[in-house]
Q: 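Below are the structure tokens for one structure; questions will follow.
Numbers here simply count residues along the sequence, with the first being 1.
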Amino acid sequence: MTALWLGTVTLTMQFWVGQSTIYSASNANKVAIAHERILTNTPPDGGWGSMGMNGVNIRVGAVYLGEAVHRLSGWSVLRSYFVIDTVMLWVALILLLSYLRRFTAPVYAVLGVSFVCAVLPLTYQLFWQHPWDRLSLVAWILIIGLLERERILMAALLLPLAVIVKYDIMLLPGLIGLHSLIRDRRIVIAPWAASLGLLSLGIGTYALLRTVLPGGFAPAPVGPQVLSNLAEIRRLNVHWPPFLGFTLPIAFAFLGMRRATPWVQASAVFGLLLFVPFALQSNLAEFRAHLPVLVLILPAAMHGVRELLEAPSEDSTGTPPERRPR
């Protein structure tokens with residue numbers, strides 16, 4: 001039933017929102033051109049920035065996958081991306097539900113995923129080419145889950161592939177160190193070594209991509225980017241996508257932090273800290289690009305909802321006292 005429910009949500013979003021926005025026929029030619037340019041690392045005459053695609057030439061994982069599907073199926077590039085995104089969105093929602101159930105009762109896990117479903121239309125807006133975001137979201141959820149279970153070797157195997165899809169995930173291993181600091185209240189060598197090792201692996205993969213595929217990054221001064229983000233806030237006002245997508249989860253996360261586990265606390269703090277590099281280097285209005293932050297703060301947010309709705313006699317997992325393991 002869960003797969004059917006989330007499959008219905010996925011198809012509704014992809015066909016009734018996606019096909020009138022990023023997958024519309026009017027975008028097919030632009031998407032095909034951008035796909036070919038990334039595939040061959042051939043910038044337009046005015047540079048990648050002239051297409052609003054500064055830094056995307058190294059996001060080749062989804063592009064190579066799209067090319068493989070395109071060649072094997074004979075579908076257009078746009079349709080290939082549509083199919084990949086549809087499958088990845090469905091998988092991401094299922095993985096998110098499974099992840100949330102590790103920290104809270106099933107009803108709150110369903111509530112958290114339902115909120116994500118409600119704000120998904122925001123992820124289709126403000127740009128016409130982002131085939132890496134759904135695939136990257138799956139990678140974020142998988143690696144967050146692996147780090148929570150302390151499966152460091154498996155995370156190390158997956159991380160370079162995730163960076164090839166979209167490189168902002170290279171920052172995620174910092175969560176290990178932050179979790180250790182909150183849990184142990186001191187520097188413990190083993191988790192910090194794992195954190196620094198994975199950070200080095202992710203950043204090293206990023207540096208290698210920039211060496212092998214040069215020319216994709218024009219200078220991006222911080223000042224103008226911050227001013228641009230502030231201008232978007234003034235222009236869109238209460239319609240600003242991060243306001244719509246993050247305000248309630250952040251408020252509930254603060255409410256739920258007191259009784260949350262150290263991992264949930266660290267995830268929420270780390271998610272909020274990610275807003276700093278995102279605000280300095282990206283367009284915050286593009287909600288789709290910052291959906292991993294929502295994944296990180298949702299467990300704490302669901303604790304906050306539980307705090308608001310249930311009696312304080314329950315434990316931090318949201319399990320009723322009579323069902324707690326003895």
Side-chain angles (χ1 to χ4, degrees), residues 6 10 55-56 58-62 65 84-103 109 112-113 115-117 119-120 122-123 130-152 154-179 194-195 198-199 201-203 205-206 209 242 245-246 249-250 253 263-264 266-278 281-282 284 286-302:
L6 296 177
T10 298
V56 305
I58 66 170
R59 298 178 185 177
V60 293
L65 179 59
I84 293 169
D85 279 5
T86 300
V87 174
M88 289 300 108
L89 178 57
W90 181 56
V91 171
L93 293 174
I94 292 174
L95 288 175
L96 179 59
L97 181 63
S98 176
Y99 177 69
L100 290 178
R101 289 189 64 173
R102 292 182 58 80
F103 308 104
V113 174
F115 179 82
V116 173
C117 294
V119 297
L120 275 178
L122 298 173
T123 66
H130 39 85
W132 33 77
D133 283 307
R134 309 298 192 198
L135 186 57
S136 181
L137 181 62
V138 169
W140 274 86
I141 300 171
L142 284 174
I143 295 178
I144 290 170
L146 290 172
L147 296 183
E148 189 269 333
R149 293 176 174 87
E150 299 185 352
R151 305 277 183 83
I152 303 302
M154 292 183 66
L157 294 174
L158 184 56
L159 183 61
L161 297 176
V163 173
I164 291 170
V165 173
K166 194 177 181 190
Y167 51 80
D168 54 2
I169 200 171
M170 65 183 175
L171 300 174
L172 179 56
L175 177 57
I176 303 174
L178 181 60
H179 170 233
S195 181
L198 287 177
L199 279 169
L201 178 62
I203 294 171
T205 304
Y206 168 75
L209 285 169
F246 288 118
I250 289 174
W263 177 264
V264 171
S267 295
V269 172
F270 189 79
L272 293 175
L273 288 174
L274 282 178
F275 276 122
V276 176
F278 286 161
Q281 294 292 324
S282 68
L284 281 179
E286 295 180 15
F287 181 75
R288 59 179 172 76
H290 310 119
L291 207 55
V293 173
L294 194 54
V295 174
L296 288 161
I297 66 178
L298 268 178
M302 292 305 98

Q: Any non-hydrogen side-chain atom of D133 less than 4.5 Å from a side-chain atom of L291?
A: no

Q: CZ/R151 to CG/L142 distance, rounded to the nearest 0.5 angstrom?
A: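 Rounded to the nearest 0.5 Å, the CZ-CG separation comes out at 12.5 Å.
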
Q: Could you tell me if the side chain of Y167 sits less than 4.5 Å from the side chain of T205, heavy atoms only?
A: no

Q: Could you go through L147 and I143, starting from their C-alpha distance and side-chain angles, then the distance that decides it, and tell me whether this counts as side chain to side chain contact (heavy atoms under 4.5 Å, CB included)?
A: CA-CA 6 Å; L147 296 183; I143 295 178; 4.1 Å; yes

Q: Check the pair F270 / I144 against side chain to side chain contact (heavy atoms under 4.5 Å, CB included), numbers first and verdict last.
A: CA-CA 12 Å; F270 189 79; I144 290 170; over 6 Å; no

Q: Determine whether S282 and H290 make a side-chain contact, defined as any pair of heavy atoms from C-beta on separated by less than 4.5 Å.
A: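 Result yes, sub-4.5 Å side-chain heavy-atom pair found.
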
Q: Starting at CD1 of I84, measure out to CG of L65 and round the result to the nearest 0.5 Å.
A: 4.0 Å

Q: How long is the gap from CD1 on I152 to CE on M154, to the nearest 0.5 Å?
A: 11.5 Å

Q: So which heavy atom on I141 is nearest to which on A92, and how close?
A: CD1-O, 3.4 Å

Q: Give the intermediate values and the outcome of side chain to side chain contact (heavy atoms under 4.5 Å, CB included) for residues W140 and V165.
A: CA-CA 11 Å; W140 274 86; V165 173; over 6 Å; no

Q: Report yes if the side chains of T123 and R134 come closer than 4.5 Å at any heavy-atom pair, otherwise no.
A: yes

Q: With rounding to the nearest 0.5 Å, note down the distance linking CG in L95 to CG in L100.
A: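 So the gap between those two atoms works out to 11.0 Å.
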
Q: Looking at CG of L178 and OG of S195, how far apart are the two atoms once the value is rounded to the nearest 0.5 Å?
A: 9.0 Å

Q: Specify the closest pair of heavy atoms between S136 and K166, including all atoms of both residues, with the distance to one decimal.
A: OG-CB, 3.7 Å

Q: Just wondering, are more than 12 heavy atoms of other shown residues or ligands nearer than 6.0 Å to CH2 in W90?
A: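 Open: at most 12 neighbouring heavy atoms sit under 6.0 Å from CH2 of W90.
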
Q: Measuring only between side-chain heavy atoms, which start at C-beta, is P173 closer than 4.5 Å to L159?
A: yes

Q: I need the minimum non-hydrogen distance between V295 and Y99, along with the two atoms involved.
A: O-CE2, 4.4 Å

Q: Provide the closest heavy-atom pair for L296 versus G271 in the form atom of the first, atom of the second, distance.
A: CD1-CA, 3.8 Å

Q: Restricting to non-hydrogen atoms, name the atom on L171 and the atom on L199 that form the minimum distance, rounded to 0.1 Å.
A: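 Looking at all heavy atoms of both residues, the shortest contact is O-CD2, 3.9 Å.
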
Q: Are the side chains of L93 and L97 in touch, meaning some heavy atoms are under 4.5 Å apart?
A: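 No - every pair of side-chain heavy atoms lies 4.5 Å or more apart.
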
Q: Evaluate I297 against F246 for side chain to side chain contact (heavy atoms under 4.5 Å, CB included), listing each step before the verdict.
A: CA-CA 9 Å; I297 66 178; F246 288 118; 4.3 Å; yes

Q: Name the orientation class of the two ring planes belonging to W263 and H179 (parallel below 30°, tilted from 30 to 60°, perpendicular beyond 60°).
A: perpendicular

Q: Could you tell me the separation between the CG atom of L175 and the CG atom of L198, rounded to the nearest 0.5 Å?
A: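 L175 atom CG to L198 atom CG measures 11.0 Å (nearest 0.5 Å).
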
Q: What's the shortest heavy-atom distance between G245 and L294, and which atoms?
A: O-CD1, 3.8 Å

